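Worksheet for the structure shown next.
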Amino acid sequence: MKILRADRGSEVLDLNCALLAQYLERFIREELAWRGYKKGLIGVSGGVDSALTLALAVRALGAENVHAVAMPHQRSAPTSFEHAKLVCDAYGVTLDTVDITPIVEGYAQTDPEMTARRRGNLMARSRMMVLFDQSEKHHALTLGTGNKTERLFGYFTWHADDTPPINPLGDLYKTQVWGLSEYVGVPDAVLHKAPTADLEAGQTDEGDLGITYRRADVILEHYLKGYPDAYIESLGYQLSEIERVKTLVNRTHWKRTTPATAVVSSTAINEFYLRPLDFRIR
Amino acid sequence: MIRHVVLQIKPEKGNIQGNLERLKKALLDIREESPDVVVLPESFLTAYFLQGGVRELALTQQELFVRLSSMYQELNWPGLLDLVIGFYEREGGTFYNSCAYVELGGRGILHVHRKVFLPTYGVFDEERYLSRGSRIQAFNSRFGRVGMLICEDFWHTVTSTIIALDGAQVVYVPSASPARGFASQNPANMERWSALAQAVAAEHGMYTLLSSLIGFEGGKGMVGGSLIVSPEGKIMVSAPAFEEAALVAEIDLERIPAVRYDNPLLADLQGNLPSILPDLNRVMHRGEK
């Protein structure tokens, strides 16, 4: 007799890339349209997240309606700009450059105790300031590029990387960003390099986080869906990795919300007075 | 033969008058199809996610009828037009997620179904802002006996069972379902809707018409994938995900006796109801030993 064993049910991060790409293109078009925009603006870092965002924006809006801005600092790795240029050339988008060194250093030099971490945060916030100004200049809506993994880990500069009003990748784990990037043809040099925010010399994301994205993402998906540690362990993950993931998520919930407001009335915004972000009455 | 059109069109958030104009334009577009019944999605008049905005945008049944009648008059439609339309309803200080069956040019609102199962989990938060309906019943249209269920109502097959036992030969299902799960050919919830509609239609020998909302609402992409399913459970016509479409089908109620004779599950259920009701009562009161 043939014995056929059932697959054990488990959560998967697989994607139908063609379907998802069409969905995200539609998302970009519709979210821009009701806000009154036809153009998108993207800060291109040379990394895979902004490369994929750019690729999706080009598919959604056409290359002529996508503005790309590189914002190097004198301490940035030269390869970051080279890769930003490579990405823009691949998708036929003109790349503007705004050197943020004077903005960052204008403040940094006033404080001899400036650390690399503080300077990195200044870079991130300066870039967002530039992007919003460029947005006004071109009447183009700024697109966020943060992925789900870094958002869950709070691995971003608050009110900087997380600030743009629409974000196509925010519900995609880094692993899924890689998969979709491969589908849309992000250049290999960008796709296969070690992820880095390039805010401090020699820094890599996975070095900072203490776990690889590929392992973290599977743990995250199971943790978010409520699987117990023992179950995740049975999938081949170490308890120390699971604890690391849980710690990163649980100490950063505040970074995923709007600022805490002292509530004193029964009409407090976002507490009692609740309206969806696209709500309007005509 | 009853000509049905399921309209999978995108509303604009909060713009009731604009959405009525949108509906009017769509009706003019399909006028040559000569539909008897046109089916629209859940909360078509305002879009779905309103949170506390329900209070500002809900209509009474009378207000709905006045607005639809006005649109109908502007259409200069030849003859009657039946409409199944989802809207947020206000009655006194109570708010419902409702759908109305309206005979335009004729008897007016024939029936209003108030959503019984209000999803309040995950991305949904209906019961915070809305009250539950409490009735599930079929009613008589000018074509025959039909029923309406809204979105999660339909995910509990007991509701369509009640509609079928109450004599419905057609069930209309306005829905609003944000896309989730992108691993397969279509979003996972769209595939689930399709399987469910086929199963329910085949179990009861009942035409099943799903009208599913589209359009992004604050990042949530309503999935679409509307369907018209035959009483054998076969998809007669289906709409794509996310795109506007009009599904056209002739519904022939004469086929239902033949289909139900071949597959008499509904008659079997009717016959067995007296013997299974005690068990239904028992499980309903479990824990009350």
Side-chain angles (χ1 to χ4, degrees), chain A residues 10-36 60 143-144 146 148 151 164-173 175-177 179-180 183 221 224-226 266-282, chain B residues 10-22 43 45-59 88 121-126 128-129 176 178-191 214-225 240-244:
Chain A
S10 67
E11 305 302 327
V12 291
L13 305 184
D14 295 346
L15 294 172
N16 176 341
C17 288
L19 177 68
L20 180 64
Q22 286 172 18
Y23 179 77
L24 296 177
E25 289 162 33
R26 194 177 289 274
F27 164 81
I28 292 169
R29 274 195 302 274
E30 289 195 21
E31 293 290 338
L32 259 64
W34 73 262
R35 290 174 171 88
L143 274 62
K148 186 175 185 172
R151 291 180 65 223
I166 77 166
N167 181 354
L169 309 186
D171 196 24
L172 294 178
Y173 292 112
T175 309
Q176 295 172 315
V177 166
L180 192 58
Y183 171 78
E221 179 64 0
L224 263 55
K225 286 194 168 166
S266 62
T267 53
I269 300 161
N270 289 335
E271 300 289 351
F272 293 88
Y273 184 79
L274 292 160
R275 297 292 182 276
L277 63 91
D278 58 342
F279 185 77
R280 57 176 81 175
I281 297 177
R282 290 198 186 176
Chain B
K10 182 191 163 190
E12 183 187 337
K13 177 84 37 114
N15 188 356
I16 293 175
Q17 194 52 42
N19 293 330
L20 285 165
E21 292 294 326
R22 179 83 194 83
S43 65
L45 284 181
T46 54
Y48 175 72
F49 286 104
L50 300 186
Q51 296 184 335
V54 163
R55 187 166 63 181
E56 294 157 86
L57 290 168
L59 302 175
Y88 284 110
Y121 57 84
V123 76
F124 305 103
D125 203 12
E126 287 193 33
R128 178 165 186 161
Y129 306 104
R180 287 97 84 196
F182 279 77
S184 300
Q185 175 105 24
N186 288 304
N189 56 320
M190 180 171 157
E191 294 188 347
I214 55 164
F216 274 90
E217 296 191 32
K220 297 173 279 286
M222 297 297 179
V223 78
F242 311 119
E243 289 176 32
E244 296 204 326

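By convention in this document, chain letters (A, B, ...) are assigned in the order of the sequence lines, proteins followed by strands, and residues within each chain are numbered from 1. Treat the numbers as computed from the prediction; the structure is a model and nothing was measured.
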Problem - Options A:Leu13, A:Leu15, A:Asp14, A:Leu274, ranked by heavy-atom pairs under 4.5 Å with chain B, top entry - result: A:Leu274
Problem - B:Phe242 vs A:Phe27 side-chain heavy atoms within contact, under 4.5 Å - result: no
Handout entry: Under 4.5 Å from a heavy atom of chain A, the part of B:Leu57 involved
Key = side chain
Practice task
Would you indicate whether the side-chain heavy atoms of B:Ile214 and B:Glu243 approach each other to under 4.5 Å?
Solution key: no
Exercise for the section: May I ask you to test the B:Lys220-B:Tyr48 pair for a side-chain heavy-atom distance under 4.5 Å? Expected result: no
Handout entry: Interface residue of largest heavy-atom contact number with chain A, from B:Gln185, B:Glu12, B:Gln51, under 4.5 Å
Key = B:Gln51
Exercise for the section: Answer yes or no: is there a side-chain heavy-atom contact under 4.5 Å between A:Arg35 and A:Asp278? Expected result: no
Exercise for the section: Decide if the gap between the ring center of B:Phe216 and the ring center of A:Tyr23 is smaller than 6.0 angstrom. Expected result: yes
Completion exercise
Looking only at B:Pro187, B:Ala47, B:Gly219, B:Ala179, most heavy-atom pairs under 4.5 Å shared with chain A are made by B:Gly219
Practice task
Output the option from A:Gln22, A:Gln176, A:Arg275 having the highest count of non-hydrogen pairs under 4.5 Å with chain B.
Solution key: A:Arg275
Handout entry: Heavy-atom check, side chain of B:Leu20 versus side chain of B:Gln17, under 4.5 Å
Key = yes
Fill in the blank from the handout: Under 4.5 Å to a heavy atom of chain B? For A:Ile281 that would be both
Handout entry: Partner chain B: residue of A:Glu31, A:Arg280, A:Arg26 with the largest heavy-atom pair count (under 4.5 Å)
Key = A:Arg26
